[in-house]
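Below: one structure, written as structure tokens.
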2 protein chains.
Amino acid sequence: MDYPQKTNSQDFSQEQLILDAAMKVFMRKGYDGARMQEIADEAGMNKALLHYYFRSKEQLFQKIFKESFRKFWPTIELTLTIDNSDIRKVIRAIVDGYVTMLETMPYLPNFIIGEINRNPGKVADLIKDSGIKPQAIITALTQAMNRGELVRMNPHELIIYLIGLCVFPVLARPLIGQMLYENNEAYQQFLANRCESVYDFICRSVCIDTNNPG
Amino acid sequence: MDYPQKTNSQDFSQEQLILDAAMKVFMRKGYDGARMQEIADEAGMNKALLHYYFRSKEQLFQKIFKESFRKFWPTIELTLTIDNSDIRKVIRAIVDGYVTMLETMPYLPNFIIGEINRNPGKVADLIKDSGIKPQAIITALTQAMNRGELVRMNPHELIIYLIGLCVFPVLARPLIGQMLYENNEAYQQFLANRCESVYDFICRSVCIDTNNPG
DNA sequence: GTCTATACGGTGATAGAC
DNA sequence: GTCTATCACCGTATAGAC
């Protein structure tokens with residue numbers, strides 16, 4: 001009988017437990033701050049097993065990082081499969097996509113940005129490997145500008161501002177929460193409403209009402 | 001003769017050399033990634049001297065971090081000593097202040113945000129120690145809203161967006177540069193022009209032209 | 001596959017000569 | 001104050017029993 005390589009139905013499960021644990025620990029501590037022991041504890045197994053499955057800390061980290069990176073960017077591309085004819089809907093979808101994603105993974109931006117700054121030289125390879133290209137969104141924005149729905153500006157810059165407005169509130173969360181909101185309650189409120197807030201802020205800046213020109 | 005404690009005119013200079021070196025290394029590598037040996041090399045002196053002057057890595061780090069934090073935030077408060085009657089000038093001054101500061105210290109935001117996420121519990125003390133309060137800017141924004149110069153919105157949110165738009169392009173620099181600008185030249189161009197670009201983006205969103213109401 | 005024990009290198013910190 | 005030498009510890013990684 002020619003079953004797949006897996007001879008033990010627990011194999012994948014163990015590997016996945018490690019990956020999940022590693023994701024948690026690396027995201028919070030970064031590469032330098034993470035400890036293999038902590039990942040083992042989090043996964044509820046022995047430290048030696050991590051090396052059995054992934055050889056080294058570096059290789060385990062690479063797996064986690066590539067996966068994280070994939071989750072960080074494509075949000076913006078995938079939303080473009082929706083109706084392109086109204087640029088407001090596109091912007092709304094992008095903002096919603098980011099905000100929703102960040103609710104479940106609030107540590108992601110800090111992790112990605114921290115590690116990318118720690119090792120900027122590897123970014124090129126990383127992007128090449130991921131196969132991600134921002135072309136779709138650039139095209140959509142440019143077309144909207146040509147249709148007169150968007151203020152004319154460099155589409156690259158608009159993308160940066162768009163992502164920045166979604167991501168920065170989460171990135172600087174401890175700082176903002178403490179500095180501007182003393183208690184956490186009001187800040188929770190802001191985070192909950194920021195789909196609307198960010199969308200409004202962007203639209204007021206760049207969207208042109210084509211029904212009432214002038 | 002009662003000269004000050006300093007019997008050796010080099011004392012201060014040595015201490016300062018260490019602080020400068022530590023700033024460089026901590027900013028790029030973070031606490032976990034930084035090595036006392038590397039700081040010593042950067043300062044051009046022996047590793048043991050770091051401990052002689054600052055006792056431990058932790059204490060040296062605290063000095064650097066508090067100093068960095070002081071540089072990161074007050075930009076926004078200090079600019080408020082300028083003319084408050086035109087909110088556009090205030091916004092312009094804040095954006096200029098941040099962008100200029102970031103040109104000389106591009107690693108600052110990543111450092112601050114990374115370390116704050118690494119140790120969120122200490123943020124409250126840090127802010128208390130620094131004595132920084134965002135009250136002046138909040139008041140200025142609220143007054144401008146009451147005068148009808150600004151769109152009505154939560155002033156806290158506006159501050160977050162303002163800082164985010166200035167800071168994010170630098171934070172995500174390696175990512176943006178590679179993903180959106182393949183070569184470095186066009187990105188340099190964007191960074192050079194972003195005082196204007198960010199200012200325009202914000203003003204279009206929130207500033208109301210009081211000469212032509214309606 | 002999973003565990004325990006251990007080798008190995010690196011890092012913060014100190015002792016002690018000068 | 002500044003150096004060299006060294007310690008004690010911790011963290012990654014491996015060896016080897018089961």
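None of the values given here were measured: they were computed from a predicted structure. Naming: A, B, ... by sequence-line order, numbering from 1 per chain.
- Using modelled atom types, no side-chain atom of A:S197 and backbone atom of A:N193 make a donor-acceptor pair closer than 3.5 Å.
- Applying the ring-ring contact (aromatic ring centres under 6.0 Å, His included) criterion to A:F54, with sequence neighbours excluded, gives no partner residue.
- For B:Q14, a side-chain nitrogen or oxygen approaches OP1 or OP2 of D:dT2 to under 4.0 Å.
- Straight-line distance from the CG atom of B:D41 to the P atom of C:dT11: 12 Å, rounded to whole Å.
- In this structure, B:L49 atom CG and C:dT14 atom P are separated by 14 Å, rounded to whole Å.
- Here D:dT2 presents its P atom at 11 Å from CD of B:E15, a figure rounded to the nearest Å.
- Going from atom CZ of A:F61 over to atom P of D:dG11 covers 18 Å, rounded to whole Å.
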Below 3.5 Å, can you tabulate the donor-acceptor pairs from side chains in residues 104-116 of chain A to any protein atom, sequence neighbours excluded?
{"residue": "A:T104", "atom": "OG1", "partner": "A:M101", "partner atom": "O", "Å": "3.0"}
{"residue": "A:Y107", "atom": "OH", "partner": "A:R28", "partner atom": "NH1", "Å": "3.1"}
{"residue": "A:E115", "atom": "OE1", "partner": "A:R118", "partner atom": "NE", "Å": "2.5"}
{"residue": "A:E115", "atom": "OE1", "partner": "A:R118", "partner atom": "NH2", "Å": "3.1"}
{"residue": "A:E115", "atom": "OE2", "partner": "A:Y31", "partner atom": "N", "Å": "3.0"}

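- Rounded to whole Å, the distance from CG on A:N46 to P on C:dA5 is 11 Å.
- Rounded to an integer number of Å, the gap from A:I18 CD1 to C:dG1 C1' is 11 Å.
- Rounded to an integer number of Å, the gap from A:Y53 OH to C:dC3 C1' is 13 Å.
- For B:F201, the ring-ring contact (aromatic ring centres under 6.0 Å, His included) test picks out A:Y161, with sequence neighbours left out.
- The CZ atom of B:F54 sits 14 Å away from the C1' atom of D:dG1 (whole-angstrom rounding).
- Applying the side-chain contact (heavy atoms from CB on, under 4.5 Å) test to B:R173 and every residue at least two apart in sequence or in another chain returns B:Y187, B:Q188, B:L191.
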Letter per nucleotide, 5' to 3', of nucleotides 12-18 of chain D [B base touched, S only sugar-phosphate touched, - untouched; heavy atoms, 4.0 Å]: BBB----

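- The ring-ring contact (aromatic ring centres under 6.0 Å, His included) test applied to B:F26 returns B:F61, not counting sequence neighbours.
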